Protein chains: 2
Amino acid sequence: MTNISKEDYLRVIYKGIEETGVVNPTMVAVHLNISNAAVTDMIKKLKREKYVSYNPYKGIQLLQKGKMEAIRLVRRHRIWETFLYQIVGIPWYEIDEEAENLEHSSSDNLIDHLERILNYPEFDPHGHPIPKKDGKIPRQKKCFPLDQIKIGNSGIIQKVNDHSKEFLFYLFNSGLLIRKKIKVIDKRNFDGSIIISVDNKELVLSDKISKNIFVEKIK
Amino acid sequence: MTNISKEDYLRVIYKGIEETGVVNPTMVAVHLNISNAAVTDMIKKLKREKYVSYNPYKGIQLLQKGKMEAIRLVRRHRIWETFLYQIVGIPWYEIDEEAENLEHSSSDNLIDHLERILNYPEFDPHGHPIPKKDGKIPRQKKCFPLDQIKIGNSGIIQKVNDHSKEFLFYLFNSGLLIRKKIKVIDKRNFDGSIIISVDNKELVLSDKISKNIFVEKIK
DNA sequence: TAAATAATTTAAGTGAGCTTAAATTAATTA
DNA sequence: TAATTAATTTAAGCTCACTTAAATTATTTA
Ligand SMILES: [Mn+2]
Ligand SMILES: [Mn+2]
Ligand SMILES: [Mn+2]
Ligand SMILES: [Mn+2]
């Protein structure tokens, strides 16, 4: 088991739990774009080495050891994203891709340096919390996927849960950035799409999009 | 052939040629800390794919394609070193280790950004030239290994040719840094050691050390 | 120039991380 | 609850980058 591949599995499991509460082998396979058989194999090893617990059809859990490793990796990932965005000047929709590689190639010491330069940020440019060196996770504002906001209500975008370049590029060009205020104008029940206003412009968003934008409710 | 391992081979070959003029499989094996048999295998592949030419006992040469790749990697390595040193604040004797990993994990685009932030430096903190985006190598001052400088003569340290932490840490603590002026006070023929002065202090350096310090002669 | 030495290659084998195809098992639905 | 569907595992096999041990070949030295 190489470190890189172990770390990738743990990151996917961690983020899966963070986002949907449960993770099964199929989800891991989809995220890593490999076969289910490969995942079965690796889960066995991760289980044998006490990174995870696993019962078929019951989902994968992170054990203490696995959670620590995952959080360390997520910390590296999110600090890199923040650094690339704030200091290096890489666009919002490209930082994830770049951080995906750098996260496996930097010492904890380097990450601590970057964190200091950034003045100990609590959230990355996608609105996700950056674990502290001791593993603590900054408290997040309570927020909801945009598709659950009622017509007429407003909110502030606090987080996006999809890091794909295309998705973020679309948001970027539509002005749907973190901290932006939006209002739900209307909803179409037949296809789940939603009409919102942002910057005095109206936008139609598919449910695929609105499910991945998380807003804090405001009155 | 994975990218990382191919790149490591090409870097070692490139630096070997840069430093000693010729490279044979044994040297590559020593630098990468692997067996000769593994090198034989990989050289075959690199040859088949036109990265290098090779004749047993005659040394390995870089072909156009291999040289380009190697220069691209060396560029990434040296820009990272410079960035880690100047912007991040990692000590001189630790940057090589860190850059060794980062060099394989960053896009050309990211490297270009770092280069811009650094204001297009020509040399890295060890005094080595940083290849430009187009592959051009900045011209270096003519310099000589310290052990070849005659008694009574002075020079300015322009380059070090060993990146090991222990070596650089020793130089660092002795004040033997790039741009420092030194003077050769005496030489001991029986063991090749050399006595120099730097910052009004006298130091005894073994030939192992002085061979790896390159100075520009001054009168 | 023959013997010694050093460099290189060949041979056989390992472990990691994958693959596809087939078999099994659990969950869901009619 | 039986049948269908979906999730998971097993089996067999591949490639890559290594290893060690033995064999070969070139270079150096006596
Ligand atoms: Mn990300
Ligand atoms: Mn992020
Ligand atoms: Mn270096
Ligand atoms: Mn350097």
Side-chain angles (χ1 to χ4, degrees), chain A residues 1-17 19-62 65-66 69-70 73 100-101 103-105, chain B residues 1-14 16-17 19-62 66 69-70 73 100-101 103-105:
Chain A
M1 198 165 43
T2 69
N3 226 36
I4 291 184
S5 116
K6 181 187 77 187
E7 287 177 347
D8 276 331
Y9 276 86
L10 291 175
R11 175 170 44 72
V12 166
I13 294 167
Y14 179 86
K15 292 196 71 180
I17 293 170
E19 279 164 31
T20 68
V22 285
V23 185
N24 57 32
T26 304
M27 290 166 66
V28 175
V30 169
H31 274 89
L32 293 176
N33 197 27
I34 56 177
S35 69
N36 279 357
V39 174
T40 295
D41 243 42
M42 182 59 92
I43 295 293
K44 254 186 227 160
K45 293 178 199 164
L46 290 172
K47 190 174 175 177
R48 182 166 5 95
E49 299 183 20
K50 303 259 196 298
Y51 288 99
V52 303
S53 66
Y54 171 60
N55 295 101
Y57 301 92
K58 295 292 163 53
I60 305 162
Q61 273 84 38
L62 285 173
K65 186 180 171 190
E69 277 277 308
L73 184 71
E100 205 78 44
N101 300 313
E103 65 186 6
H104 303 295
S105 314
Chain B
M1 199 165 43
T2 68
N3 227 35
I4 291 184
S5 113
K6 181 187 75 187
E7 287 177 346
D8 276 331
Y9 275 86
L10 292 176
R11 175 170 44 71
V12 166
I13 295 166
Y14 179 86
I17 293 171
E19 280 163 31
T20 69
V22 284
V23 185
N24 58 32
T26 302
M27 292 166 63
V28 175
V30 168
H31 273 90
L32 293 177
N33 197 28
I34 56 177
S35 68
N36 279 357
V39 175
T40 295
D41 242 44
M42 182 60 92
I43 295 293
K44 253 186 230 161
K45 292 180 200 164
L46 291 172
K47 190 174 174 177
R48 184 167 4 96
E49 298 184 19
K50 302 258 196 301
Y51 288 99
V52 303
S53 66
Y54 172 59
N55 295 100
Y57 302 90
K58 294 294 163 57
I60 305 161
Q61 273 84 37
L62 285 173
E69 277 276 309
L73 184 71
E100 205 78 44
N101 300 313
E103 64 185 8
H104 303 294
S105 314

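Residue numbers begin at 1 in each chain, while the letters A, B, ... track the order of the sequences. Source: prediction; values computed, not measured.
An OP1 or OP2 oxygen of dA7(C) is reached within less than 4.0 angstrom by no side-chain nitrogen or oxygen of Tyr54(B). A close approach under 4.0 Å does occur between a side-chain nitrogen or oxygen of Thr2(A) and OP1 or OP2 of dG17(C). Phosphate contact (OP1/OP2 of dA7(C), side-chain N/O of Lys58(B), threshold under 4.0 Å): absent. Side-chain N/O atoms of Lys44(B) include one lying less than 4.0 angstrom from OP1 or OP2 on dT10(C).
Residue Ile34(B) has its side chain nearest to dC18(D) when only dT8(D), dC18(D), dC16(D) are considered. Comparing dA26(D), dT9(D), dC18(D) by their nearest atom to the side chain of Tyr57(B) picks out dA26(D). Listed candidates were dC18(D), dA11(D), dC18(C). Nearest to the side chain of Ser5(B) is dC18(D). When distances are taken from the side chain of Ala38(A) to each of dT10(D), dA16(C), dC18(C), the shortest belongs to dC18(C).
Take the nearest nucleotide of DNA chain C for Asp41(A) and for Pro56(A): the residue whose nucleotide is more 5' is Asp41(A).
Residue-level contact check: Ser35(A) touches the bases, meaning some heavy atom is under 4.0 Å from a base atom. Contacts of Thr26(B) with the nucleic acid, taken as non-hydrogen atoms under 4.0 Å apart, involve only primed sugar atoms and P, OP1 or OP2. Counting any heavy atom pair closer than 4.0 Å across all strands shown, Lys45(B) reaches sugar-phosphate atoms only and no base atom.
A donor-acceptor distance shorter than 3.5 angstrom exists from the side chain of Lys47(B) to the backbone of Tyr54(B), with no hydrogens or angles considered.
A salt bridge is absent between Glu49(B) and Lys6(B): the closest approach of a Lys/Arg side-chain nitrogen to an acidic carboxylate oxygen does not fall below 4.0 angstrom.
Distance Glu7(A) CD to dA16(C) P: 17 Å, rounded to the nearest Å.
Interatomic distance, Leu62(B) CG to Glu69(B) CD, rounded to the nearest 0.5 Å: 10.5 Å.
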